[in-house]
Amino acid sequence: MFYKNARIYASDCRFHHGAFEVTDDGRFGQILPDYMPEDAYDLEGALVIPGLVDVHTHGNSGYDFSDGDYEGLKQMARCYLASGVTSFAPASMTQTYEVLEKAYATARRMVEEDPTGCAKLRGIHMEGPYFSFKKRGAQNPEYLKNPDLEGFRKLNEISGDLIRIVDVAPELPGALEFIRQVSRVATVSVAHTDATYEQAKAAFGAGASHLTHTFNGMNAIDHRTPGVIPAAAEAPHVRAELICDGYHVHPAVIRLAFSMFGSERMILVSDTGRCAGMPEGCEFDLGGLTAKVVSGVARLENGSIACSATNLWQCMVNAICCGIPAEDAIRACTRNPAAALGVQGEVGSIAPGKRADFVVCSPDFAKKRVYFGGKLV
């Protein structure tokens, strides 16, 4: 089927007026700039962007990935899909290996069964337990560990090799060797860390290539003790996550991050918890800690900000409202995160042969229709 009169966000990360084809097997066919087949479906000038890819989300609708609840994971995936997120990597929290084993086996089951009506699970983001106590944030300190290569390998085997991103604080004992080994099979991310500039630089030199929720769970930039963020910005292979929910990062700092890393290295994430989609004032469990949503912000009992209560689509719109060009914000939600998961050949851009996951939306991104495998959701 052909669609015409669209502003297509093409593989060059720019909009082009034209038409595109969706084949019978749910793939993109021809992309035809400035051509309008007479029998094509008229999109009347709407924007067409790739389905969003969220590489850091814990849950929604009262469910959390770490619960290891298969029905809950499916409900999470249905909500992602409805919001325009067609691919996701659920993030686990700092928990016991037993809890993580159950969650990872549940993710493996979802990939194997591939239930209908659900966003596609593209891998697992292992957030914890290899973190600094000082910078643990909303991670449960009871379960923190030093980097454990054998423990990681066992969990990855249980998951069916689904771990695509694994977080680590590089100042911990054994971290550099862990990074050297694990970066051969997954993206290693620096996170929840008290590392110095020199320690972070060594981690990126050892193979770390990702920065988890930049500015959160790490030291602020200082002109004499620069810390992790400048070390990441100086390493051209490192991509940086950013939570644009309106609370975790100030608009000026969002603009600063895009300026430092460039649009080709930024990744927007939702970092949602089970509170996303739940009512104001709800209390919920966060890896064994109690949190509550107050004025739209999820906080622990001590007042510390915790996970997000929004979704990636809204984070993208927030970034645009902060002054980030729409093309750059879209790239940070599609092409770049797909590359971080190693699935850029399948999703993340509109190009012939790729899966036809896309969103048709108004120029202000307010109204949208989601297509998954070429079919309207």
Side-chain angles (χ1 to χ4, degrees), residues 55-56 91 125 127-128 130-139 165-172 175-176 179 187-271 297 299-300 302-308 315-316 318-325 328-329 331-333 336-337 340:
V55 302
H56 189 159
H125 184 152
E127 189 184 8
Y130 312 133
F131 289 156
S132 156
F133 176 84
K134 182 178 179 181
K135 293 296 182 179
R136 65 192 183 277
Q139 305 287 328
I165 302 174
V166 56
D167 293 355
V168 63
E171 72 273 21
L172 297 178
L176 287 185
I179 292 169
T187 293
V188 178
S189 185
V190 170
H192 290 279
T193 174
D194 191 36
T196 63
Y197 169 84
E198 291 76 16
Q199 289 169 325
K201 193 173 180 68
F204 297 129
S209 59
H210 199 91
L211 193 59
T212 293
H213 48 46
T214 307
F215 301 106
N216 291 280
M218 59 192 67
N219 291 319
I221 300 173
D222 181 87
H223 65 294
R224 292 195 178 93
T225 54
V228 169
I229 299 168
E234 290 177 347
H237 67 291
V238 176
R239 299 184 181 93
E241 293 181 6
L242 202 63
I243 308 169
C244 292
D245 63 343
Y247 304 105
H248 278 80
V249 183
H250 190 279
V253 179
I254 293 172
R255 295 189 291 271
L256 176 64
F258 272 82
S259 177
M260 284 194 300
F261 287 91
S263 63
E264 71 279 2
R265 296 168 59 194
M266 288 303 304
I267 295 177
L268 298 187
V269 298
S270 68
D271 196 12
V297 186
R299 297 185 183 275
L300 299 181
N302 64 9
S304 297
I305 193 168
C307 56
S308 161
C315 290
M316 180 184 73
N318 290 346
I320 295 168
C321 291
C322 289
I324 303 303
D328 295 346
R331 177 172 183 161
C333 295
N336 296 351

Leu300 and Gly137: which non-hydrogen atoms are nearest, and at how many Å?
CD1-O, 4.2 Å
Holding to ring pair (Phe, Tyr, Trp, His ring centres under 6.0 Å), I want the full list of residues that pass it with Phe204, two or more places apart in sequence or in another chain.
none
First locate atom CZ of Phe261, then atom CG of Asn336, and finally report the distance between them rounded to the nearest 0.5 Å.
12.5 Å
Any side chain to side chain donor-acceptor pair (under 3.5 Å) pairs touching residues 219-228, not counting sequence neighbours?
Lys135-Asn219, Asp194-Asn219, Asp222-Thr225
Polar contact flag, side-chain donor to acceptor under 3.5 angstrom, Thr196-Glu171
no
In sequence, state the C-alpha distance, the side-chain angles, and the governing distance for Ile229 and Met260, and then conclude on side chain to side chain contact (heavy atoms under 4.5 Å, CB included).
CA-CA 9 Å; Ile229 299 168; Met260 284 194 300; 3.8 Å; yes
Any donor-acceptor N/O pair, Ser308 side chain to Ser270 backbone, under 3.5 Å
yes
Output the distance between atom CG (Asp167) and atom NE2 (His192), rounded to the nearest 0.5 Å.
7.0 Å
Could you pull out all residues at least two apart from Asp328 that satisfy salt bridge (charged side-chain N to carboxylate O under 4.0 Å, His left out)?
none
Tell me which pairs pass side chain to side chain donor-acceptor pair (under 3.5 Å) where either residue lies in residues 228-240, with sequence neighbours left out.
Tyr197-Glu234
Closest approach of Leu268 to Cys244 (non-hydrogen atoms, all atoms of both residues):
CD2-SG, 3.6 Å
Holding to ring pair (Phe, Tyr, Trp, His ring centres under 6.0 Å), I want the full list of residues that pass it with His56, two or more places apart in sequence or in another chain.
His58, His125, His213
With sequence neighbours excluded, tell me which residues meet side-chain contact (heavy atoms from CB on, under 4.5 Å) with Thr187.
Ile165, Ser209, His210
Return yes if some donor-acceptor pair links the side-chain N/O of Arg265 with the main-chain N/O of Ala233 below 3.5 Å, else return no.
yes
Is any side-chain heavy atom of Met218 closer than 4.5 Å to a side-chain heavy atom of Leu211?
yes
Could Arg255 and Phe258 be counted as a cation-pi pair, given that NZ or CZ must be under 6.0 Å from the ring centre and within 45° of the axis?
no
At what distance, to the nearest 0.5 angstrom, does CD1 of Ile254 lie from CD1 of Ile243?
10.5 Å
Among Ile179, Val228, Val238, the one residue meeting side-chain contact (heavy atoms from CB on, under 4.5 Å) with Val190
Val228
